[in-house]
Amino acid sequence: MSDATGSAPEEPRRDESDGLLDTHSPRKIVAWATVGGLAVLLAAGALFPDSLAGTLSDVITSRNTLASALRLSVPIAFAALGGIFAEKSGVINIGLEGLLIISAFTAVYVTDVTGGVWLGFGGGIIASTLLAALFAVVTIRFRADQIIAGLAVWLIALGLAPFASQVIYGGPNTSTVPTIGAISVPVLSEIPFFGALFSASPSVYLLFLAVALSWYVFERTSFGRWIRASGENPKALDTAGVNVAHVRYAAVLLSGVLSGMGGAALSLDLGQFTGNGPTMVNGKGFIAIVAYLFGNYNPIGAFLSTMLFAGLDAIQTALQLQGIGVPRQLIRITPFVIVIVILALVGRTRTPEAAGEYYESGEE
Amino acid sequence: MATAVHLDGITKRFPGVVANDDVDLAVERGTVHALLGENGAGKTTLMNVLYGLYEPTSGRVLVDEEVRSFDSPRDAIDAGVGMIHQHFMLVDPMTVTENITLGNEPRKWGGLAVDRAAAREAVVELSDRYGFDVDPDARVEDISVGEQQRVEILKALYRGADVLILDEPTAVLTPQEVEELFGVLEELTAQGKTIIFITHKLGEAMRAADDITVLRDGRNVGSVKADETTREDLAELMVGREVLLDVDRPPAETGDVVASVSNVVVDDDRGVRAVDDVSFDVRAGEVFGIAGVDGNGQSELVEALTGLRRPQHGRIEFLGDDVTADSRRQRIEEGMAYIPEDRQERGLVMDFDLTENALLGSQHSKEFGPNGRIDWPATRTHAEAIIDEYDVRPPDADAISESLSGGNQQKFIVGREFERDPELVVASHPTRGVDVGSIEFIHERLLELRQQGVAVLLVSSKLEEVQGLSDRLGVIYEGEFIDVVDPDETTEEELGLLMAGEHPDEDDADASTDATESGSAEAATGGDRP
């Protein structure tokens with residue numbers, strides 16, 4: 001981006017307004033309010049260590065909180081990245097939850113059979129991609145309604161994974177398998193608080209890479225532009241000589257690959273797939289949709305909003321353990337309440353113009 | 001001069017229709033060639049054949065005197081033929097540069113990145129070469145329609161087009177933008193590009209084209225040089241008979257005041273004042289015209305009168321009653337018919353058939369909806385009567401509105417509104433985007449109503465239309481009536497000045513018809529003042 005001479009002053013402005021920090025945007029207000037609120041809280045906590053503020057700031061500044069927030073955000077952020085690719089291309093993929101479930105189970109199963117954690121990780125990706133491929137074919141080729149097909153993906157996975165577990169392991173939960181070990185970067189992992197960033201599971205590093213690469217694809221490559229055009233005005237892309245169906249297939253398959261990484265990382269982090277009720281995925285695929293909407297379809301924005309939700313969840317868990325005199329059930333719902341408030345404040349997200357619409361080339 | 005495009009005996013049949021019947025067309029390199037014809041004459045079909053969207057049933061396409069067969073627009077583009085559609089094929093949130101290079105991005109790093117500097121460079125160079133004024137970094141959604149059109153043209157040029165087909169390029173442009181477009185076309189032909197432009201407007205074909213080919217019912221009925229023909233000749237070729245461009249209007253026999261608008265103030269959607277203290281009366285048996293350049297408050301004024309928008313101040317009386325607070329439904333029932341300016345948005349439900357559309361506005365009436373149940377057979381009979389009486393084609397009450405041409409859609413709306421037996425007809429741009437034959441038809445019907453003693457409020461930006469049909473003419477500028485004049489006593493030039501906001505004289509601001517002559521004379525001299 002440094003080689004642009006005349007365009008250099010223009011470009012950064014454009015990138016900013018694409019993302020989180022558009023001037024006047026409610027997102028910016030929320031971001032600043034979060035920072036400001038944190039600062040006030042931390043100051044209060046430092047002054048009155050024994051108060052509620054003190055407990056809260058202890059929890060927030062704890063390295064464990066950051067570590068568990070990162071761990072929580074991995075499946076959500078991967079699925080959100082996948083959702084961005086699909087929806088930007090014009091295919092709304094609300095089956096992310098299903099993709100996470102199927103990959104979470106398959107990753108454990110393949111690890112169990114082969115004994116290789118990374119083989120299991122790959123197996124999870126393949127399972128999720130295959131299910132995404134099915135979704136792509138019915139929506140792109142057979143013009144099925146995207147929302148209904150997406151729900152079907154979720155329901156198929158929700159039924160299939162526990163059933164397979166029942167057949168293979170005799171119960172909804174699989175047996176335990178080896179987990180992916182954490183990798184600590186020497187020196188950097190010693191830093192207080194932020195050290196958690198450098199002493200994490202490889203899946204966290206993989207996520208950082210995926211976020212950066214996704215951003216690069218959208219902002220800098222032809223393929224990224226075609227995805228955007230395909231979701232905004234597929235006819236423009238078609239008349240420019242690019243096959244819209246091919247672009248959409250690629251985008252939906254990518255959403256399968258990314259969600260697969262998320263699902264596999266989720267179960268291999270624990271070494272087990274638990275299939276009771278909503279399974280161990282437990283709505284993370286749906287939170288991912290909220291995350292990328294809140295992040296305005298920007299990979300970095302989606303990651304940051306995922307971190308916000310995951311951070312709130314981590315704080316909530318820690319507070320439950322601390323016991324601050326508020327009923328647990330109330331503490332447990334705080335992240336969701338905050339998410340709803342934030343979404344209400346942010347208001348409308350600009351969705352791609354042609355998202356959800358079937359496109360047939362040559363229609364006049 | 002060499003022939004850039006030669007269509008030789010093109011016939012294109014669709015099931016049940018012959019869209020093009022043995023059409024020959026030769027376009028010289030470096031010229032502007034207008035393809036003129038009424039809606040449904042087969043102009044766009046012919047160009048879609050040239051652009052590779054349709055395969056001709058028979059006939060040959062020659063580009064640069066070489067026979068070509070295009071399976072897709074891609075092939076046509078590769079052969080140097082580009083088409084700018086009526087509806088732009090642009091991605092709104094993307095920048096001008098991104099749109100122009102879409103699908104053909106210059107790349108670097110072995111294709112891993114778009115070479116944005118090179119892309120911008122190419123766009124700047126192209127727009128400089130043809131004297132286009134576009135900002136390569138602006139987002140398409142932020143620029144005007146005229147600029148968007150230039151982006152479309154640049155897109156075709158970027159892909160190496162030598163022949164540019166423009167489908168109704170002026171339909172969406174303001175008069176100034178139309179002039180700019182014609183300037184662009186001149187520049188392009190000066191540099192050897194060939195332009196084919198599709199239009200149904202005589203004046204534009206005469207103004208911009210070197211050669212004109214007229215299509216009628218899918219046939220080439222004549223190719224002429226623009227400077228060797230007249231408007232009347234072209235109009236006759238288009239419709240196949242003598243057209244009375246001047247309307248024959250018997251003197252008005254006016255009756256009581258039907259509608260009275262006093263001191264009305266209306267804000268637009270953004271809360272900006274659109275109509276500022278306007279008053280006028282419309283009497284039975286007269287056509288009161290409102291002339292003005294689009295966007296000077298006409299739409300808001302009409303919406304206030306018809307009950308679609310609540311005025312901020314003022315009073316609207318209809319048949320002697322204050323109807324300012326009445327709903328749209330009440331006003332329909334009291335006898336106010338309305339031909340909306342946007343027929344596809346407000347006049348019809350596009351995916352309804354004509355029977356269903358015939359019901360719109362009458363859904364509460366006892367005739368079609370007794371006891372809350374719709375009487376479909378009666379509605380259908382009504383629709384068929386409209387179709388028959390107003391010559392709507394195809395004559396099929398089950399036809400989906402969308403499948404009709406613009407002119408036929410409009411005739412159907414006109415019929416539906418007139419058949420309400422109204423006391424007042426509010427006709428907003430009743431002939432916009434309508435072919436010559438239908439224009440004439442609609443004008444005749446409006447005058448017939450007037451003869452029957454109906455009050456007519458006519459809003460139009462077409463000067464000849466308001467001038468030809470109106471008995472009195474209010475000129476609106478920036479939400480205010482500049483003057484009310486007698487159209488027969490006022491020249492086009494004087495009206496043009498009024499429409500541009502040149503106030504004749506403060507004393508004559510409220511002048512009615514008798515003060516016109518002196519007022520307009522003042523306006524003519526007033527134009528010289530700084």
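Keep in mind that this is a model prediction, so the values were computed, not measured.
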Checklist entry - Quick one: what part of Phe223(A) sits under 4.5 Å from any heavy atom of chain B, side chain, backbone, both or neither? => result neither
Checklist entry - Any side-chain heavy atom of Arg225(A) within less than 4.5 Å of one from Glu98(B)? => result yes
Checklist entry - Which bit of Thr101(B) is near chain A, if near means a heavy-atom gap under 4.5 Å: side chain, backbone, both or neither? => result side chain
Checklist entry - Closest heavy-atom contact between Met89(B) and Ala236(A)? => result O-CB, 3.2 Å
Checklist outcome for this item: Here the gap from His87(B) atom NE2 to Asn233(A) atom CG, rounded to the nearest 0.5 Å, amounts to 12.0 Å
Checklist entry - At a heavy-atom separation under 4.5 Å, does Glu152(B) approach chain A through its side chain, its backbone, both, or neither? => result neither
Item to check | Pairs of heavy atoms under 4.5 Å with chain A: top-ranked of Leu102(B), Val91(B), Asn104(B) | outcome: Leu102(B)
Checklist entry - Under 6.0 Å from the CD atom of Glu141(B), do we count more than 12 heavy atoms belonging to anything else shown? => result yes
Checklist entry - More than 12 non-hydrogen atoms from neighbouring residues, nucleotides or ligands closer than 6.0 Å to CD on Glu353(A), yes or no? => result no
Item to check | Minimum-distance pair of heavy atoms, taken over all atoms of Pro93(B) and Glu232(A) | outcome: CG-CD, 3.3 Å
Item to check | Backbone N/O of Thr239(A) and side chain of Arg74(B): donor-acceptor pair under 3.5 Å | outcome: no
Item to check | Rounded distance [0.5 Å steps], NZ in Lys108(B) versus CZ in Arg220(A) | outcome: 8.0 Å
Next on the checklist: Tell me the closest heavy-atom pair linking Arg107(B) and Ser222(A), and the distance in Å.
Outcome noted: NE-OG, 3.1 Å
Next on the checklist: Check this for me: Phe352(B), atom CZ, are more than 12 non-hydrogen atoms of other residues, nucleotides or ligands nearer than 6.0 Å?
Outcome noted: no
Item to check | Minimum heavy-atom distance between Tyr216(A) and Ala113(B), given as atom pair plus value | outcome: OH-CB, 3.1 Å
Checklist entry - Would the number of heavy atoms belonging to other residues, nucleotides or ligands and lying under 6.0 Å from CZ of Arg393(B) be above 12? => result no
